Number of protein chains: 2
Amino acid sequence: MTATPTPTTPTPAVPAPAATAPAAPAPAAEEDWLRLDHQICFSLHAASRAFNGVYRVVLKDLGLTYPQYLVMLVLWEHGDQPVKKLGEHLRLDSGTLSPLVKRLEAAGLVRRERSTRDERSVDVRLTEEGAALRGRAVQVPRRIVASTGFALDEIDALRQRLDELTTALDAAALRETPGCA
Amino acid sequence: MTATPTPTTPTPAVPAPAATAPAAPAPAAEEDWLRLDHQICFSLHAASRAFNGVYRVVLKDLGLTYPQYLVMLVLWEHGDQPVKKLGEHLRLDSGTLSPLVKRLEAAGLVRRERSTRDERSVDVRLTEEGAALRGRAVQVPRRIVASTGFALDEIDALRQRLDELTTALDAAALRETPGCA
DNA sequence: AGGCAGTTAGTTGTGTGCAATTGAATTGTG
DNA sequence: CACAATTCAATTGCACACAACTAACTGCCT
């Protein structure tokens, strides 16, 4: 350890994590905040990659990657739609979707067609093969759920928690963005 | 809207089959499983990217990306260590860490030095500048926590849940891996 | 008509993330 | 000591993810 060169006083300017539980009886020095942060962001990051890893294995049979599977889920559920709509469903921009959809097209699962009404827009349409893939995809969710070892209601509770988190973080990102303060 | 040509069934309406009960009691229309899966994997994916986005904004001041910040947290907490150890802490392999650490070196935050004991190993050492950055990093966790709008104990509960999930998923990934069945 | 603002995909550049491979260094075994 | 197996970092190839930019089109305005 390289000691702590921080000249800052150990005085926690905002020492009251108090909140709702006495998880930390002590004021939680700045050092502890970094440890805590380590835990939090690492946990989410690791969970995301672990999830990705399981999906990777399960989806290999279908020849899909995890984000590609998400796009197919949207198409199966909401039908053919332009790239813009896909991006809204998945919160992804064209920089991510354009090459991804092209790979799906190369795989023969979708077609990309310029809208005749508005030539800026590109409709993504399922091919026969893409629609048929749904039949093989229905087994995926159960295998994933089984992998977690969680009960359905536990998963749903976690999902709701994550959605709350995402909503809060998206709002915060807008506030924190330099220039939007 | 393209008039939704989806052959979607008119909502079979089978929300959540009896909670913690094992396997599939009721057939629970395969369609619903796909919808559920959509929700789950999308939620985790979105939360991960939302978290990433907030960290991106907050860490811009420090000139770090989110994964780079994770590496610095490990170095600050556990001291100088070889790439291998870093990878164990973060569950990242050399394919990810090698270029990442080189960027940290280019930024002057760390040095990479071949171990004299074992020349296969590369020690990652904090520079003065890298160690000093910790002083500016201590403000990060509070800003992140504030962004979530969650209380500390809520975050900790979520973290534990995610860790359970990661553990289960890692184990499952090993089982699912073709060739390890 | 002409022009300008807003919208939509696409492209480019940077930075992960992971599988597979390479190559050097080390260790184990006879 | 020689040789095979192992370990570790680095590299390569592919696939996201996002910021910034370009290009093309729409529609509204004067």
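Reckoned from all heavy atoms, side chains included, excluding hydrogens, waters and symmetry mates. Keep in mind that what you see is a predicted model, and the values were worked out from it rather than measured. Throughout, protein chains are lettered first and strands after them, A, B, ... in sequence-line order, and every chain is numbered starting at 1.
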Report task. Count the heavy atoms belonging to other residues, nucleotides or ligands that lie under 6.0 Å from CD of B:E128, then report whether that count exceeds 12. Result -> no
Requested in this report: Taking the six-membered ring for Trp and the full ring for Phe, Tyr or His, determine whether the centres of A:H45 and B:Y66 are under 6.0 Å apart.
Outcome: yes
Short heteroatom pairs, N/O only, protein and nucleotides 25-29 of chain C, under 3.5 Å:
residue: C:dT26; atom: OP1; partner: B:E119; partner atom: N; Å: 3.4

Query - Heavy-atom closest contact (B:V138 atom, B:P141 atom, distance) - result: O-CD, 3.4 Å
Requested in this report: Take A:P99 and A:A50, find for each the nucleotide of DNA chain C with the closest heavy atom, and name the residue whose nucleotide sits nearer the 5' end.
Outcome: A:P99
Query raised in the report: Do you see a donor-acceptor pair shorter than 3.5 Å between the side chains of B:S43 and A:D163?
Result: yes
Query raised in the report: For the pair made of CZ in A:R49 and C1' in C:dA19, what is the distance, rounded to whole Å?
Result: 15 Å
Query raised in the report: Does NZ or CZ of B:R143 lie under 6.0 Å from the centre of the six-membered ring of B:Y55, at an angle within 45° of the ring axis?
Result: no
Query raised in the report: Looking only at N and O atoms, is any donor in the side chain of A:S94 or the base of C:dG10 less than 3.5 Å from an acceptor on the other one?
Result: yes
Query raised in the report: Quick one: which of C:dA9, C:dC18, C:dG15 gets closest to the side chain of B:T96?
Result: C:dC18
Report task. Step by step, work out the salt bridge (Lys or Arg N to Asp or Glu O under 4.0 Å) result for A:E105 and A:K102. Result -> CA-CA 5 Å; A:E105 186 178 40; A:K102 282 185 180 176; over 6 Å; no
Query raised in the report: Hey, where on DNA chain D does chain A first and last touch, going 5' to 3'? Cut-off is any atom under 4.0 Å from a heavy atom.
Result: D:dA15 to D:dT26
